[in-house]
S.K.: 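Provided herewith is a single structure, encoded as structure tokens, for subsequent inquiry.
Remember, predicted model here, so these are calculated numbers, not experimental data. Numbering of ligands and ligand atoms starts at 1, following listing order. Throughout, numbering of the chain's residues begins at 1 and tracks the sequence.
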Amino acid sequence: MEELQDIKSRFEIIGNNQQLNRVLQKAVRVSSSDISVLVTGESGVGKEIIPKIIHQYSKRKHSKLIAINCGAIPEGTIDSELFGHEKGSFTGAQSTRKGYFEVADGGTIFLDEVGELPLTTQVRLLRVLENGEFMKVGSSEVQKTNVRIVAATNLNMQTAIKKGKFREDLYYRLSTVELFLPALRERKDDIYLLFRKFAIDFADKYKMPIIRLQDDAVALLEEYRFPGNIRQLRNIVEQISVVEESRNISAYQLKEYFPNWNLGMSPAVVSSSSSESGDDSFSKERDVIYKMIFELKKELNDLKKMTFEFMGRKPEDQDASQYVEEPKYIEEETKLLPVSADGDDLAYARLTPKDEVYDESEFVDATNVEPESLSLHKKEMEMIVKSLEKYKGKRKLAADELGISERTLYRKIKQFDL
Ligand SMILES: Nc1ncnc2c1ncn2[C@@H]1O[C@H](COP(=O)(O)OP(=O)(O)OP(=O)(O)O)[C@@H](O)[C@H]1O
Ligand SMILES: [Mg+2]
């Protein structure tokens, strides 16, 4: 119990949910071994804290913890980033370079969004997991490394395996222990606790009085489904803290910050919060209709995203569903280099832009696109430019807002020659 409090205060984790507590305890238990851990759960549930805990409680804590966002690295460079390359192994490889698996020797590697790894990289990864062996790109010399791997994903891995996007053997190797973080709507008791913590944080950040919720707003907050989980809640609290003049927020004000709030609520809440819900059969029928609209909207969004993804993929790559993401919400700026040594401050390891190489065949030539989709391209390009401008070229933030992966955004920047 004391240990649990210790983890929570050390890593600033808010919440008292049973399932969350179990996951935190398990993370500490497994930290002393080198067992592979796969962290699962919806987008925004807090998966990134787990590798930090595991690293800090392990004997590796004085070595590096390197976080790699597998979804953000272009396919053409990922092997070289992870495993290094020999001088001259491809155009642009002017010198021999160490990969993260070599740099992190003795430490921990966090493979975030592991479901996005290309199949060829998955083969290399399996080998490292099995016997610690790897080869630099363009080299036939086998090297050894001693790293502990923690991976995370918000994809349904069984579906990815069925579709041939993810190797089953690798999945089993990665998920010796699986830690599942529950969605925020499954942790209703924690919602208000988190709200208060974020309200205090943002009041401090923006030097303003703390926002508070009226009783009806608390009830509304606890019934909302939070598709973007804690990230979305944090984002909403930040917006309210900055935008609202009054510091005592009503349900009416709060509702404005929930996208499609009534579609995101459970039907029971929608009907009970509606003033003229007298007739039972009518309200049941309406619930069904709400559900249908919600499902339709979701499908429409998925379709939109698939179309968006297709346009940046090779024509033979027909199945883009793996790349469809749940809507993401803006979070704090992802720091680039340097990689932290003690794991207290998890930063994503990235190459500097000048080191980035990619396979040109990856990108669809925009001039070959059929005429009817040209205007769509224009719109797409405008949106990309706008979001890049808004976030001053920070691809992660721009990609988050556009609802696409950073890798897709990278492709599109190349494709449109932006
Ligand atoms: N228990 C918690 N207490 C306080 N803040 C939290 C908690 N869990 C998550 N957060 C915050 O919520 C945000 C989202 O968490 P995180 O980035 O770990 O999500 P994720 O599960 O990795 O999502 P994705 O799959 O989209 O990458 C972060 O700002 C994180 O600090
Ligand atoms: Mg994450």
Side-chain angles (χ1 to χ4, degrees), residues 4-5 7-25 27 37-55 65 67-73 110-117 150-157 160 178-202 204-205 226-239 305 322-335 343-349 396-397 399-407:
L4 203 54
Q5 282 318 319
I7 310 169
K8 287 183 187 171
S9 57
R10 235 171 117 180
F11 294 92
E12 289 189 47
I13 299 168
I14 304 295
N16 226 342
N17 173 268
Q18 274 290 327
Q19 250 180 300
L20 172 76
N21 289 348
R22 283 287 295 152
V23 169
L24 297 177
Q25 279 167 331
V37 175
L38 180 67
V39 190
T40 55
E42 287 181 19
S43 182
V45 289
K47 295 186 288 296
E48 286 166 35
I49 203 78
I50 303 295
K52 292 189 205 175
I53 298 173
I54 294 178
H55 183 74
L65 164 64
I68 298 152
N69 186 335
C70 304
I73 305 176
F110 173 43
L111 295 173
D112 201 3
E113 297 189 34
V114 74
E116 301 269 354
L117 275 184
V150 180
T153 183
N154 56 29
L155 296 180
N156 181 333
M157 294 301 269
E178 184 166 334
L179 298 181
F180 171 75
L181 281 167
L184 187 56
R185 65 184 157 279
E186 311 294 338
R187 308 168 40 184
K188 283 197 190 303
D189 292 353
D190 289 346
I191 297 180
Y192 189 48
L193 289 178
L194 280 157
F195 175 92
R196 285 210 313 227
K197 141 105 168 106
F198 294 141
I200 293 168
D201 287 354
F202 290 119
D204 188 47
K205 181 172 175 188
F226 287 103
N229 292 292
I230 301 175
R231 181 181 295 125
Q232 184 187 12
L233 173 60
R234 189 173 179 276
N235 192 21
I236 288 174
V237 181
E238 181 166 25
Q239 286 178 54
K305 276 191 207 126
Q322 184 205 351
Y323 300 93
V324 177
E325 297 176 346
E326 287 296 311
K328 288 202 167 180
Y329 297 82
I330 305 161
E331 70 174 314
E332 68 192 78
E333 179 185 331
T334 304
K335 286 172 235 117
D344 258 338
D345 193 9
L346 190 62
Y348 281 110
K396 172 147 178 39
L397 296 180
D400 275 356
E401 174 140 311
L402 290 164
I404 58 176
S405 72
E406 202 182 344
R407 187 189 297 171

S.K.: N/O of Glu113 under 3.5 Å from N/O of ligand 1, yes or no?
M.R.: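 In fact, backbone or side chain, Glu113 has no N or O that close.
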S.K.: Checking side chain to side chain contact (heavy atoms under 4.5 Å, CB included) for the pair Ile73/Ile68: CA distance, chi angles, key distance, verdict?
M.R.: CA-CA 9 Å; Ile73 305 176; Ile68 298 152; 3.5 Å; yes
S.K.: Thr153: heavy atom below 4.0 Å from ligand 1, yes or no?
M.R.: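 It does not; every heavy atom stays at 4.0 Å or beyond.
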S.K.: Can you tell which of Ile230, Asp400, Val39, Leu233 gets a heavy atom nearest to atom 8 (N) of ligand 1?
M.R.: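 The option holding the nearest heavy atom is Ile230.
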S.K.: Indicate yes or no: does an N/O atom of Lys197 lie under 3.5 Å from an N/O atom of ligand 1?
M.R.: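 Min N/O separation from ligand 1 is not below 3.5 Å for Lys197.
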S.K.: Could you tell me which residues satisfy side chain to side chain contact (heavy atoms under 4.5 Å, CB included) with Asp189, sequence neighbours excluded, listed by chain and number?
M.R.: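 For Asp189, no residue satisfies side chain to side chain contact (heavy atoms under 4.5 Å, CB included) once neighbours in sequence are set aside.
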S.K.: Counting from 1, what ligand 1 atoms have a heavy atom of Glu12 closer than 4.0 Å?
M.R.: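 Listed by number with element: 3 (N), 4 (C).
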S.K.: Which of the numbered atoms in ligand 1 are below 4.0 angstrom from a heavy atom of Ile13?
M.R.: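 Checking each atom against Ile13, I get 1 (N), 3 (N).
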S.K.: Verify whether one side chain among Asn229 and Glu42 offers a donor that lies under 3.5 Å from an acceptor in the other.
M.R.: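 Checked: Asn229/Glu42 side chains pair up, N/O donor to acceptor below 3.5 Å.
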S.K.: For Arg234, take its heavy atoms, then give the atoms of ligand 1 lying under 4.0 Å from any of them.
M.R.: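 Those qualifying, in numeric order: 29 (O).
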S.K.: Test your reading of the structure: does Asp112 have an N or O sitting under 3.5 Å from an N or O of ligand 1?
M.R.: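 Asp112 vs ligand 1: no N/O contact under 3.5 Å.
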S.K.: Any N/O/S atom, backbone or side chain, of Glu48 lying under 2.8 Å from the Mg ion (ligand 2)?
M.R.: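 Under 2.8 Å: Glu48 contacts the Mg ion (ligand 2) through an N, O or S atom.
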S.K.: Between the side chains of Asn21 and Lys8, is a donor N or O closer than 3.5 angstrom to an acceptor N or O?
M.R.: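 Yes.
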S.K.: Heavy atoms only, cut-off 4.0 Å: how does Asn154 contact ligand 1, side chain, backbone, both, or neither?
M.R.: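 For Asn154, only side-chain atoms sit under 4.0 Å from ligand 1.
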S.K.: Which of the atoms of ligand 1 are close to Phe198, meaning less than 4.0 Å from one of its heavy atoms?
M.R.: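 Checking each atom against Phe198, I get 5 (N).
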S.K.: Compare all side-chain heavy atoms of Asp112 with those of Cys70 and state whether any distance is below 4.5 angstrom.
M.R.: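 No, every pair of side-chain atoms sits at 4.5 Å or beyond.
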S.K.: Using a strict 4.0 Å cut-off to heavy atoms of Lys47, name the atoms of ligand 1 that fall inside it.
M.R.: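 Those atoms are 18 (O), 19 (O), 20 (P), 21 (O), 22 (O), 23 (O), 24 (P), 25 (O).
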S.K.: Only heavy atoms count here, so choose which of Gly41, Gly46, Gly44, Pro51 is nearest to atom 23 (O) of ligand 1.
M.R.: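 The option holding the nearest heavy atom is Gly44.
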S.K.: Tell me which part of Asn229 gets within contact of ligand 1: side chain, backbone, both or neither, using heavy atoms under 4.0 Å.
M.R.: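 It is neither; nothing of Asn229 touches ligand 1.
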S.K.: Nearest heavy atom to atom 26 (O) of ligand 1: which of Ser43, Gly228, Gly15 does it belong to?
M.R.: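 Among Ser43, Gly228, Gly15, the closest heavy atom to atom 26 (O) of ligand 1 belongs to Ser43.
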S.K.: Measure the spacing between CZ of Phe226 and CG of Leu233 and express it to the nearest 0.5 Å.
M.R.: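 Between atom CZ of Phe226 and atom CG of Leu233 there are 4.5 Å.
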S.K.: Taking side chain to side chain donor-acceptor pair (under 3.5 Å) as the test, write out the residues that go with Asp190, two or more places apart.
M.R.: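 By the side chain to side chain donor-acceptor pair (under 3.5 Å) rule, Asp190 matches Arg187.
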S.K.: Return yes if a side-chain donor-acceptor contact under 3.5 Å exists between Thr153 and Glu113, otherwise no.
M.R.: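 Short answer, no.
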S.K.: If you measure every N or O of Ile49 against every N or O of ligand 1, does any of those distances drop under 3.5 Å?
M.R.: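 Ile49 vs ligand 1: no N/O contact under 3.5 Å.
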S.K.: Determine, considering heavy atoms only, which of Lys8, Glu42, Arg187, Arg231 sits nearest to atom 24 (P) of ligand 1.
M.R.: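 Closest candidate by heavy-atom distance is Arg231.
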